[in-house]
2 protein chains.
Amino acid sequence: MRIGVDAMGGDFAPEATVLGAIQAHREVHSEVRIVLIGNESQIHEILLREGVSSSNFDIVGTTQVINMGDHPTKAFQQKPDSSLAVGFGMLANGDLDGFASAGSTGAMLVGAMYTIKPIPGIIRPGIASFLPISETKTGLLIDSGLNPDASPDVLYQYALLGSIYAKEVFGVTSPTVGLLNIGEEADKGNLVAKSTHQMLKEATSIRFIGNIEANRIFDEDSADVLVCDGFTGNIVLKEAEGFYTLLQRRGISDTFFERFNFEHYGGTPLLGVNAPVIIGHGVSNANAIKNMILQTQKVISAGLVVKIKEALS
Amino acid sequence: MRIGVDAMGGDFAPEATVLGAIQAHREVHSEVRIVLIGNESQIHEILLREGVSSSNFDIVGTTQVINMGDHPTKAFQQKPDSSLAVGFGMLANGDLDGFASAGSTGAMLVGAMYTIKPIPGIIRPGIASFLPISETKTGLLIDSGLNPDASPDVLYQYALLGSIYAKEVFGVTSPTVGLLNIGEEADKGNLVAKSTHQMLKEATSIRFIGNIEANRIFDEDSADVLVCDGFTGNIVLKEAEGFYTLLQRRGISDTFFERFNFEHYGGTPLLGVNAPVIIGHGVSNANAIKNMILQTQKVISAGLVVKIKEALS
């Protein structure tokens with residue numbers, strides 16, 4: 001198994017990415033090969049300084065970097081030798097089994113859409129984010145920002161994609177699906193939520209448990225998969241992030257709330273495309289990068305893309 | 001000044017409402033008369049038990065109650081002698097200067113739309129909720145659930161309504177307005193947010209400070225007025241409520257987070273209708289009811305309806 005890592009992606013790259021890869025190397029399965037893509041001399045320098053043999057990794061040298069300020073679509077054309085463009089090229093060619101980056105999310109989406117492309121039948125891919133539910137359970141929120149104007153049929157597919165992820169990666173036998181809404185009754189919500197509710201209620205391949213109001217998101221009886229449009233999902237996640245920051249600022253430490261620390265998850269999967277792609281947080285430190293790589297390993301091992309194709313056919 | 005209180009509204013009525021009114025009576029201005037509308041004998045019984053003279057209040061006897069399970073529109077027709085219907089009737093006739101209830105929000109909206117009606121020029125009234133921002137500042141979120149599918153021109157009016165409220169009731173000289181969105185740039189968000197951003201940017205009567213992401217809602221530099229559609233607003237509020245519940249459940253007590261306790265605010269104003277209407281939380285206890293009544297006094301004193309009419313003309 002070959003996991004590609006964008007060594008130049010993220011605010012603290014390549015320092016954090018290479019250190020994270022070194023940590024991940026100690027924890028991944030023996031058959032995993034971590035492929036570091038980026039500035040070769042910088043990568044070697046960090047490995048040397050850390051006393052880690054370069055032979056532990058495959059290193060693919062690139063000369064360009066797509067920055068946060070670059071226009072996603074243009075950047076891909078103007079910087080063909082960037083770590084992101086090369087990484088997606090390798091993924092599309094089958095030289096990688098999965099690709100992870102904490103770089104520009106916009107550029108990653110462009111890369112995914114134009115190189116590996118959406119799985120046939122998928123209207124719009126979505127980003128799934130992790131939600132800490134109670135002390136041990138982790139839920140999935142989909143979409144967390146990719147499609148701010150998602151239609152009911154897109155949300156229906158998100159329910160399907162999320163269910164497959166929860167089953168294959170989290171190992172939940174029969175994942176429950178909830179629709180994020182502003183009331184429990186079927187006729188509550190905006191037009192998209194009302195139509196989605198009807199579609200989910202009639203679906204036989206989805207274990208729909210109804211609407212979930214936002215005060216129940218983190219409750220024990222919340223759903224394994226929480227479906228919403230990307231606008232709402234992004235706001236839910238960022239509000240939780242804001243709360244976590246407030247707790248830290250006020251010196252409150254608590255084992256449950258510590259699970260809101262994104263570092264533990266490392267990255268969020270882009271679902272509905274033809275190969276495993278994991279998107280890391282821009283401010284990822286070495287620990288977050290390590291978890292991003294371990295997350296990628298999990299998604300590859302689960303054979304998620306094949307499972308999604310099967311479900312759609 | 002005559003403040004009407006639905007003595008039968010809320011899960012703990014009439015016990016909590018009458019006790020709350022007794023507490024409020026001690027704190028309102030001397031010229032305020034609290035008008036209790038509901039089951040006369042039950043009201044008298046509680047007052048007697050508490051050793052409070054009935055002459056402190058005006059009591060308007062009613063024989064019916066609109067319950068949470070009642071269909072809002074039908075309930076108004078079928079229960080003309082309910083405390084809610086009588087209260088709105090008095091408000092429409094000018095027998096009250098403002099009306100507050102912790103009863104069915106749906107029925108209150110129906111009552112407001114059909115009796116006192118929206119202010120001419122207002123496309124859709126909205127509900128403004130309070131947001132604790134930093135340790136001392138209180139912000140306003142509008143709409144918090146009334147219009148899940150609000151169009152940009154409705155959101156534009158919410159910015160105006162919120163600004164007037166923040167100025168006249170909170171006393172903020174020149175309130176800032178932010179648009180809740182999923183990115184800071186003008187081209188971020190769903191279609192409604194993008195169009196609203198343009199409208200707000202061009203508005204001369206509104207102090208627009210741009211998009212606010214959800215992780216900044218409770219930050220010191222957040223806006224005095226945060227504008228969003230009712231779907232998103234309701235989710236933001238309920239997520240905060242969920243977090244507050246989690247903190248309590250985990251035994252974490254903190255002065256800042258205590259400001260997330262709705263009791264302190266008592267109720268949220270319905271803005272854009274022809275008379276002051278305050279909507280209380282269904283689970284209001286006596287303290288919440290007291291604050292709902294004090295909140296109503298504030299809104300009446302501020303002459304909000306006149307100010308809104310002036311701004312629209």
Side-chain angles (χ1 to χ4, degrees), chain A residues 105-106 131-135 143-150 180-183 185 187-194 212-220 222 226 228-247 249-257 259-260, chain B residues 71 105-106 131-135 143-150 180-183 185 188-194 212-220 222 226 228-247 249-257 259-260:
Chain A
T105 302
L131 292 173
I133 296 176
S134 74
E135 290 204 58
D143 173 40
S144 62
L146 190 49
N147 288 301
D149 286 292
L180 184 61
N181 207 336
I182 61 170
E185 303 83 356
D187 62 345
K188 285 291 168 71
N190 57 15
L191 295 173
V192 170
K194 285 180 204 173
I212 305 271
E213 290 193 78
N215 53 349
R216 281 182 53 212
I217 294 177
F218 308 109
D219 276 8
E220 200 88 43
S222 184
L226 191 59
C228 63
D229 65 78
F231 188 80
T232 313
N234 193 271
I235 282 172
V236 163
L237 273 188
K238 291 220 178 106
E239 184 173 349
E241 189 187 313
F243 252 95
Y244 177 72
T245 308
L246 276 175
L247 286 170
R249 205 178 290 163
R250 300 192 63 79
I252 298 167
S253 106
D254 177 89
T255 49
F256 173 69
F257 285 106
R259 298 187 65 227
F260 283 85
Chain B
H71 186 281
T105 302
L131 293 172
I133 296 175
S134 75
E135 289 204 59
D143 173 42
S144 63
L146 191 48
N147 288 300
D149 285 293
L180 184 62
N181 207 337
I182 63 170
E185 304 83 356
K188 286 290 167 69
N190 57 14
L191 295 173
V192 170
K194 286 180 204 172
I212 306 272
E213 290 193 77
N215 54 350
R216 281 182 53 213
I217 294 178
F218 308 110
D219 276 8
E220 199 90 42
S222 184
L226 192 59
C228 62
D229 65 77
F231 188 80
T232 314
N234 194 271
I235 282 170
V236 163
L237 273 188
K238 291 221 179 102
E239 184 174 350
E241 189 186 313
F243 252 94
Y244 176 72
T245 308
L246 277 174
L247 286 170
R249 206 178 290 162
R250 298 192 64 79
I252 297 168
S253 104
D254 177 272
T255 50
F256 173 69
F257 286 106
R259 298 188 62 228
F260 283 84

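Just so we're on the same page: letters track the sequence lines, and every chain starts at 1.
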Applying side chain to side chain contact (heavy atoms under 4.5 Å, CB included), run through A:R249 and B:D219 and close with a yes or a no. CA-CA 11 Å; A:R249 205 178 290 163; B:D219 276 8; 3.7 Å; yes

Can B:I235 and A:E239 be said to form a side chain to side chain contact (heavy atoms under 4.5 Å, CB included), step by step? CA-CA 10 Å; B:I235 282 170; A:E239 184 173 349; 5.8 Å; no

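Heavy atoms of B:A193 lying under 4.5 Å from chain A belong exclusively to its side chain. Only the side chain of A:T232 comes within less than 4.5 Å of a heavy atom in chain B; its backbone stays farther off. Heavy atoms of B:L246 lying under 4.5 Å from chain A belong to its backbone as well as its side chain.
Side chain of A:D149 to main chain of B:L191: a donor-acceptor pair is present (N/O by atom type, distance under 3.5 Å, no hydrogens or angles).
Heavy-atom pairs under 4.5 Å with chain B were tallied for A:N234, A:I182, A:L247; the largest tally goes to A:I182. Chain A forms the most heavy-atom pairs under 4.5 Å with one residue out of B:N181, B:T245, B:L237, B:D229, and that residue is B:N181. Top candidate by heavy-atom pairs under 4.5 Å with chain A, chosen from B:A150, B:G183, B:G230, B:A214, is B:A214. Each of A:N147, A:V192, A:N215, A:L180 has some count of heavy-atom pairs under 4.5 Å with chain B, and the biggest count is that of A:N215. Looking only at heavy-atom pairs under 4.5 Å with chain B, the residue among A:G242, A:G145, A:P148, A:G189 that has the most is A:P148.
Side-chain rings of B:F231 and A:F231 stay apart, their centers remaining 6.0 Å or farther from each other. Taking the six-membered ring for Trp and the full ring otherwise, A:F243 and B:F257 have centroids separated by under 6.0 Å.
With contacts defined as side-chain heavy-atom distances shorter than 4.5 Å, the pair B:I252/A:D254 qualifies.
Residues passing the side chain to side chain contact (heavy atoms under 4.5 Å, CB included) test with A:E220 are A:S134, sequence neighbours excluded.
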